[in-house]
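Input: a single structure, listed below in structure tokens.
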Amino acid sequence: MPELSPRRRLLVLAICCLSLLIVSLDNTVLNVALPSMQKELHASVAGLQWTIDAYTLVLASLLMLAGSTADRIGRRRVFRTGLVLFTIGSVLCSLAPNLESLVAFRTVQAVGGSMLNPVAMSIITNTFPEPRERARAIGVWGGVVGISMAAGPIVGGLLVDSVGWRSIFWINLPVGLVALLLTWRYVPESRAPKARRPDPVGQLLVIALLGSLTYAIIEAPSSGATETLAFGGTALAALLALLWYEPRRTEPLIDLRFFRSVPFSGATVVAISAFAALSGFLFLSTLYLQNVRGLSALHAGLWMLPMAVMCFVCAPLSGRLVGSRGPRFSLLTAGIAMTASGVLFAAFEAETSDVTLVIGYVLFGIGFGFVNAPITNTAVSGMPRAQAGVAAAIASTSRQIGGTLGVAVVGAVLASGVRTGPYQQVFESAARPGWWIIAGCGLSVLVLGALSSGTWARATARRTAQRLESTEVRDEAGVNA
């Protein structure tokens, strides 16, 4: 990538943030629209889960492929393709005649989305090579998540109440087109110095693992034990095959050597835990506010605004703290706040009082606002720049796996509980185990954040980076010879 002026670098950052905005806004807006979609499309809790998880599942399955492909054939080229597919998928979702079609069109969106976030992060990493500048840029990137969380509930509520839930997909069209035109004009092309070969077997194993696991969890409340065990067994077999096969490839889809770095492994699990908590939190909150309290989509969005505002405020602050003091403080703050929020709902029934409901939302917003920047920075900062696309893709994949599992597990627990009586009467008791799961995810962020940010953990990151760089040098020497 050619050296860019400071102004051009900021413009590239803004363009990449536009792609994150439409992907993140789509998720937050969709959560507010779930009750309206449930009524119009006659969807069960499992149907709502698939509406969300069809998107995150495909994203999680394809992000690593998109990252390595972008490193190989060009990041700008893949990024542009992703913008086109995501915009087309959004238009199709707005025209879906039934739940099955909507789920199918969400997968089209996801194929495009898989080419956006990890590739954009790789572009940012190569645009801002200096560690402190990169940390600040990632903080801005994380702040866009806060913007989407702040704007999503309000924009979604206004659109759902005034036009209908289909209009939530229309907003992606102008933003996607603007991002596409700006990318064409201002984002330079870049590639990894050494192209990575495709890994079709590894890709199929990842799809089998995530797809089978998600199906087993979501359908467990309504399907028999035999079917659930069959899909669970398929997921386990795919995982074992992946662990056996990938180390034997010269250029695997998932380079398991990355996980020798304790900070990288910690960031991966923290990402899964944090985004599982977020997706479960939004899923339960939306259904409670609209289906139990009887609020409109707009009023439900306003109730969730304190969480979104705190996320918006804390994300860039976390980015600056990571740049100046490292990830430890941000991770510990995130873990404490998310755990406290989950416990407040699970043990003290925060949703039954307006004051404690707001406090719970504020705490969760603080926690999630602080957690995003250290995840991304830790995942990419210890890796060679040539591996930036793959490392960023693994970090992004962890987020989507967490989002998928959060909706699947929390939704399955809720679906099991609401089958025991009238929906509104049993919702709060049925949701209680889900809140405990969210609290457990927050505790995981706290513990892993403490363990993976110590001196000994950073030493493993340095050793891993040195091994990866030495391997690249030997491979390059072999090619030249």
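Residue numbers run from 1 in the order of the sequence given.
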Hey, does V269 have a side-chain heavy atom less than 4.5 Å from the side chain of S273? yes
Determine whether V201 and D199 make a side-chain contact, defined as any pair of heavy atoms from C-beta on separated by less than 4.5 Å. yes
Nearest-0.5 Å distance, CD of residue Q400 to CZ of residue F275: 7.5 Å
Of all heavy-atom pairs linking I123 and R75, the shortest is CG1-CB, 3.9 Å
Residues that I171 engages under side chain to side chain contact (heavy atoms under 4.5 Å, CB included), provided they are two or more places apart: L25, V29, V155, L159
Can Y361 and V358 be said to form a side chain to side chain contact (heavy atoms under 4.5 Å, CB included), step by step? CA-CA 5 Å; Y361 284 166; V358 172; 5.7 Å; no
With side chains defined as the heavy atoms from C-beta onward, is the minimum distance between N172 and T87 less than 4.5 Å? no
Nearest non-hydrogen partners of V32 and T286, listed with the distance: CA-CG2, 4.0 Å
Going by side chain to side chain contact (heavy atoms under 4.5 Å, CB included), name the residues that satisfy it together with L239, two or more places apart in sequence or in a different chain. L209, L243
For F364 and L278, run side chain to side chain contact (heavy atoms under 4.5 Å, CB included): C-alpha distance rounded to whole Å, both residues' side-chain angles, the deciding distance at 0.1 Å, then the answer. CA-CA 8 Å; F364 194 88; L278 174 67; 3.8 Å; yes
May I ask you to test the L213-T234 pair for a side-chain heavy-atom distance under 4.5 Å? no
With side chains defined as the heavy atoms from C-beta onward, is the minimum distance between L30 and T51 less than 4.5 Å? yes
Heavy-atom pair of closest approach, residues A408 and I218: CB-CG1, 3.7 Å
Where I401 and A60 come nearest, the two heavy atoms and their spacing: CG1-CB, 3.8 Å
Side chain to side chain contact (heavy atoms under 4.5 Å, CB included) between F283 and L34: does it pass, once the steps are laid out? CA-CA 9 Å; F283 191 77; L34 284 178; 4.0 Å; yes
Does NZ or CZ of R325 fall inside the cone over F329's six-membered ring, less than 6.0 Å from its centre and within 45° of the axis? yes
Verify the ring-centre separation between F281 and W435: is it less than 6.0 angstrom? yes
Shortest non-hydrogen separation from S279 to G403 and the atoms involved: OG-O, 3.1 Å
P306 versus V362, closest heavy-atom pair with distance: CB-CG2, 3.8 Å
Note, I207 side chain near Q203 side chain (heavy atom, < 4.5 Å): yes
Side chain to side chain, M338 and C441, heavy atoms closer than 4.5 Å: no
L289 side chain near L357 side chain, heavy-atom distance below 4.5 Å: yes
Lys/Arg N to Asp/Glu carboxylate O, R432 vs E351, below 4.0 Å: yes
